Novice: 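Got a structure for you, written out below as structure tokens; questions coming shortly.
Everything numeric here is computed off the predicted structure, so don't read it as measured data. Counting starts at 1 for both ligands and their atoms, in listed order.
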Amino acid sequence: MLSISNILPSIVLALTVSAQVTLIVPPALQGQSNPSNNTLDLTGTETDATSIAQTVDIVDQKAGPTVDAPPNQPVPETAITAVDGQLTSAGTSKRRSLASRSLKKRSPSDYEQIFNGTGTDPSARDASIEGTAYLTYTVVPNSTYNVDACLSFCDTVPGCVFVNLFYEFNNKLLDRVFSQQSNLKCAAYADIHTAAEKTNFGGQQSYPAPGPLTFIQQSSGFAAKALVEPTTPDGYSLVFGPTGGANNAPGYMGFVFIDKYDVEACAQTCNTRQADPNGGACEYFNIWRAVVSGIPTTYTCALYFIPADNSTAVNFGQGDLVVTFSRGYKRTNFVVDGGFEGFPCFSSFCFAASYSKWIGTSARGGVLDATIFHFAPYAHAGNGVGLLGSADGTDSLPGTLTPAHPLTTVAGKNYTINLFSSSVFSGHQEEAGSFFKIVWNGQTIQTVRPGFSDWTFYSFAVTGMGNDVLAIHGGAAPAWSFFDDIAVFEM
Ligand SMILES: *[C@@H]1O[C@H](CO)[C@@H](O)[C@H](O)[C@H]1NC(C)=O
Ligand SMILES: *[C@@H]1O[C@H](CO)[C@@H](O)[C@H](O)[C@H]1NC(C)=O
Ligand SMILES: *[C@@H]1O[C@H](CO)[C@@H](O)[C@H](O)[C@H]1NC(C)=O
Ligand SMILES: *[C@@H]1O[C@H](CO)[C@@H](O)[C@H](O)[C@H]1NC(C)=O
Ligand SMILES: *[C@@H]1O[C@H](CO)[C@@H](O)[C@H](O)[C@H]1NC(C)=O
């Protein structure tokens, strides 16, 4: 006996088809899709190195301890100083900072002196550093020129790789107010600076007029011999670096400058960057330091929706600008072969219900309700694409696409499920009823009813239970839905 589910869909299809004058050739017979206007187009998406260089020219993120700042303040959160060529009022943005980085205990021999002070002769005047990636300062006991105490302080400050040690005279706060009773300032930085950056000569009125102005003496600089190797952020892997080349790659989404070399802050920026409607979410960032005429000037996070590697890390700078400490980080996609590009096919057109990375399951009694195709005209990008809805039009039952193995996700972490979907194949009328559900460990997260809809980026927030099972369920031929570039990223 034929089951009702076998007969009914064929009738529905016959009716809808006869209502149309033209017969719809289903995907399995290599039917022609309604033309898409939104497949992935990488034209003009290369890194805009000119805009980055122009912004390097105007950004100013040099700092040091100010005359009235109290010592031992916590290191501020990493601030974004520019977004896509527009300077920000730095510090408005809250970012997770270097603070979580584990501190490595160093000894004085792990530092080298970069520059000396001008001596302690009362007439000898000097200047302290104003440079990038200033963190905080302390005062160290001034009974001697206490280099070791300053280096020990650096060891306690997350991200510190350089200190500037100097006397500041005629500072009323140091002399009379602050409890430490010392005028020997030790300023910590997350980048290394040179004597060329001694630009703060004092000259401030700290004692009330006509009291004497502040001045600086014996300003020396010490750097950690081994630069701190950044910790790879959660949900990312290091692709290359450090090198002297920034990426010049397609899929570029823009850039931000940050006030110190903070890989974690770049990762947060990538995670929260608005998706590109054509290319999708940020999947890769390139962090590098801009050195202008020998002076560290800013730290770039360039964002991409296509992971790059060092084969395109070929922008070494221009003019006075030199690229240093360039590293690439790729976001980990917990979906294996989310673009179906690994589906084996030895011609230009193949389809199957499953392959090693994905499993398509039909409804009970349904035929080819979930399939994988290798056919560029159906794909958002490349050749591979997933299909829900009976591929040969036998029935109008929904199918289910699921990765062949549970994801290597972790319980308690938040993830985003990203994908592109298109439901234009059979035209406005026939696609009106298109739908799909995002199912996470058997629970429906969301049902989407896009109707006739060209390639569109979707994202869904979920929390991991560990070894999570993702499924996409839907399709109702001839309201077919195609899926491509499926990703699960940690948030
Ligand atoms: C593509 O653009 C054409 C012309 O504007 C339009 O008729 C067609 O419906 C569009 N295709 C899709 C899939 O939106
Ligand atoms: C600093 O001065 C000392 C003593 O004069 C000298 O030995 C040392 O080489 C100098 N260091 C630098 C970096 O100039
Ligand atoms: C040490 O610092 C205190 C407070 O600023 C100051 O009064 C004193 O003169 C300093 N001593 C030396 C040796 O510079
Ligand atoms: C990429 O990295 C490899 C290994 O470090 C290196 O051999 C190669 O030259 C690099 N390519 C570029 C363009 O920097
Ligand atoms: C996950 O997201 C929820 C809701 O958005 C939030 O309350 C929670 O703190 C997040 N958990 C983690 C580990 O970030």
Novice: Which residue is it: F482, F483, F420? I am looking for the one with a ring-ring contact (aromatic ring centres under 6.0 Å, His included) to F436.
Specialist: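 The single option meeting the ring-ring contact (aromatic ring centres under 6.0 Å, His included) with F436 is F483.
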Novice: Would C186 and C154 count as a disulfide pair, i.e. SG atoms separated by less than 2.5 Å?
Specialist: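 The answer is no, since C154 and C186 keep their SG atoms 2.5 Å or more apart.
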Novice: How close does the nearest protein non-hydrogen atom get to atom 2 (O) of ligand 1, and which residue and atom is it?
Specialist: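 Checked against all protein heavy atoms, atom 2 (O) of ligand 1 sits closest to N37 ND2, 2.4 Å.
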Novice: My question is simple, although I want it checked carefully: is atom 5 (O) of ligand 1 less than 4.0 angstrom from any protein heavy atom?
Specialist: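 Answer no: nothing from the protein, no heavy atom, is under 4.0 Å.
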Novice: Name the closest protein heavy atom to atom 14 (O) of ligand 3, giving the residue it belongs to and the distance to 0.1 Å.
Specialist: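 Checking every protein heavy atom, the shortest distance to atom 14 (O) of ligand 3 gives N142 ND2, 3.6 Å.
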Novice: Do any non-hydrogen protein atoms sit less than 4.0 Å from atom 10 (C) of ligand 1?
Specialist: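 So atom 10 (C) of ligand 1 has protein heavy-atom neighbours under 4.0 Å.
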Novice: Would you sort out whether R273 and E283 count as a salt bridge (charged side-chain N to carboxylate O under 4.0 Å, His left out), showing the intermediate values?
Specialist: CA-CA 10 Å; R273 182 79 174 198; E283 296 195 21; over 6 Å; no
Novice: Which residue supplies the protein heavy atom nearest to atom 13 (C) of ligand 1, what is that atom called, and how far is it?
Specialist: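 Here the nearest protein heavy atom works out to P35 O, 3.1 Å.
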Novice: Distance to 0.1 Å, residue and atom name: give those for the protein heavy atom nearest to atom 7 (O) of ligand 3.
Specialist: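 So the nearest neighbour among protein heavy atoms is D175 OD1, 4.3 Å.
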Novice: Give me the residue, atom name and distance of the protein heavy atom closest to atom 12 (C) of ligand 2.
Specialist: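 The answer is N116 ND2, 3.3 Å.
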Novice: Apply side-chain hydrogen bond (donor to acceptor under 3.5 Å, both in side chains) to the pair Y304 and R331, showing each step before the final yes or no.
Specialist: CA-CA 10 Å; Y304 295 83; R331 222 166 159 186; over 6 Å; no
Novice: Could you tell me whether the side chain of V75 reaches within less than 4.5 Å of the side chain of K260, counting heavy atoms only?
Specialist: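 Side-chain contact under 4.5 Å: yes.
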Novice: Can you list the atoms of ligand 3 that are under 4.0 Å from a heavy atom of L174?
Specialist: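 The atoms of ligand 3 under 4.0 Å from a heavy atom of L174 are 4 (C), 5 (O).
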Novice: Counting C-beta onward and ignoring hydrogens, is there a side-chain heavy-atom pair between Q217 and F166 closer than 4.5 Å?
Specialist: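 No, too far: nothing below the 4.5 Å cut-off.
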Novice: Would you mind running through ligand 1 and noting each atom that sits below 4.0 Å from a heavy atom of V424?
Specialist: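 The atoms of ligand 1 under 4.0 Å from a heavy atom of V424 are 13 (C).
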Novice: Which ligand 3 atoms are under 4.0 Å away from a heavy-atom of Q181?
Specialist: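 Listed by number with element, the hits are 2 (O), 3 (C), 4 (C).
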Novice: Cut-off 3.5 Å, side chains only: do N38 and S36 have a donor facing an acceptor?
Specialist: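 No, S36 and N38 have no side-chain donor paired with an acceptor closer than 3.5 Å.
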